[in-house]
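Written below as structure tokens is the structure these notes are about.
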Amino acid sequence: MAIKITDECINCGACEPECPNNAIYEGAVDWKASEGTELKGTVTLTSGLTVDADAPQEPVSDDVYFIVTDKCTECKGFHEEPQCAAVCPVDCCVPDEDHVESEEELLNKKAFLHGE
Ligand code: SF4
Ligand code: SF4
């Protein structure tokens with residue numbers, strides 16, 4: 001399943017550079033599907049959301065760092081474990097029970113994001 005960041009986040013920023021999909025953003029920052037991926041033009045993401053890959057999207061949180069679910073593969077295909085959870089000093093990167101995905105689905109998402 002995807003990982004989410006809870007409101008216990010202390011905004012330290014340690015997780016952001018560790019994400020292989022650029023799925024992590026600082027609070028109140030617009031995100032883009034194209035950042036850290038090979039996505040171009042109009043794309044339909046795993047959730048069914050259709051966006052222009054280069055168009056800025058509304059932040060998921062205005063207060064703390066957040067993870068874009070459609071870009072999180074739980075690090076599958078890159079690392080053995082979620083890198084954000086591994087570096088977070090307050091353990092607030094946790095499984096998102098609302099977005100449960102199988103390993104196969106996560107690997108397919110990784111392939112979709114990176115044009116493989
Ligand atoms: S689990 Fe991996 S892919 Fe998902 S947000 Fe954390 S670092 Fe990024
Ligand atoms: S590492 Fe943890 S506390 Fe630091 S910004 Fe990321 S989620 Fe927040």
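We count ligands from 1, going down the list as the structure has it; atoms in each ligand are counted the same way.
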> Do the rings of Phe66 and Tyr25 sit parallel, tilted or perpendicular, given the 30° and 60° boundaries?
Replying inline: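 Taking Tyr25 first and then Phe66, their aromatic rings lie parallel (interplane angle under 30°).
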Heavy-atom donor-acceptor pair, [X] side chain to [Y] backbone, under 3.5 Å:
{"X": "Trp31", "Y": "Glu58", "result": "yes"}
{"X": "Asp54", "Y": "Lys32", "result": "no"}
{"X": "Asn21", "Y": "Lys71", "result": "yes"}
{"X": "Glu81", "Y": "His79", "result": "no"}
{"X": "Glu16", "Y": "Gly13", "result": "no"}
{"X": "Asp70", "Y": "Ser47", "result": "yes"}

>> Any heavy atom of Pro89 closer to ligand 2 than 4.0 angstrom?
In response: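 Yes.
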> Does Val87 have a heavy atom less than 4.0 Å from any atom of ligand 2?
Replying inline: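 No.
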> Looking only at heavy atoms, what is the nearest atom pair of Ala53 and Val43, with distance?
Replying inline: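 Closest pair (atom of Ala53, atom of Val43, distance): CB-CG2, 4.3 Å.
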>> Quick check: closest heavy atoms across Gln57 and Ala55, and the distance to 0.1 Å?
In response: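 Looking at all heavy atoms of both residues, the closest pair is NE2-O, 3.1 Å.
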> atom 4 (Fe) of ligand 2 to Cys88: any N/O/S contact under 2.8 Å?
Replying inline: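 No.
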>> According to a hydrophobic-cluster definition based on side-chain heavy atoms being under 4.5 Å apart (Ile, Leu, Val, Met, Phe, Trp, Tyr only), do Leu45 and Ile67 belong together?
In response: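 In one cluster with Leu45: Ile67, no.
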Atoms in ligand 1 with a heavy atom of [X] nearer than 4.0 Å:
{"X": "Ile67", "result": "5 (S)"}
{"X": "Pro82", "result": "1 (S)"}
{"X": "Asn21", "result": "3 (S)"}
{"X": "Thr73", "result": "3 (S)"}
{"X": "Cys75", "result": "1 (S), 2 (Fe), 3 (S), 7 (S)"}

>> Checking contacts here: is it the side chain or the backbone of Ile10 that comes within 4.0 Å of ligand 2, counting heavy atoms only? Could be both or neither.
In response: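 It is both parts that get close, each with some atom under 4.0 Å.
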>> One residue to check: Val90. Relative to ligand 2, which of side chain, backbone, both or neither has a non-hydrogen atom less than 4.0 Å away?
In response: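 Within the 4.0 Å criterion, Val90 contacts ligand 2 through side-chain atoms alone.
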Looking only at protein heavy atoms, which one is nearest to [atom], and what is the separation?
{"atom": "atom 4 (Fe) of ligand 2", "result": "Cys12 SG, 2.3 Å"}
{"atom": "atom 8 (Fe) of ligand 2", "result": "Cys9 SG, 2.3 Å"}
{"atom": "atom 5 (S) of ligand 2", "result": "Gly13 N, 3.2 Å"}
{"atom": "atom 6 (Fe) of ligand 2", "result": "Cys15 SG, 2.3 Å"}

For [X], the ligand 2 atoms whose distance to one of its heavy atoms is below 4.0 Å:
{"X": "Cys93", "value": "7 (S)"}
{"X": "Cys92", "value": "2 (Fe), 7 (S)"}
{"X": "Ile5", "value": "7 (S)"}

> Is the distance from atom 8 (Fe) of ligand 1 to some N, O or S atom of Cys72 under 2.8 Å?
Replying inline: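 Checking atom 8 (Fe) of ligand 1 against Cys72, no N, O or S atom falls under 2.8 Å.
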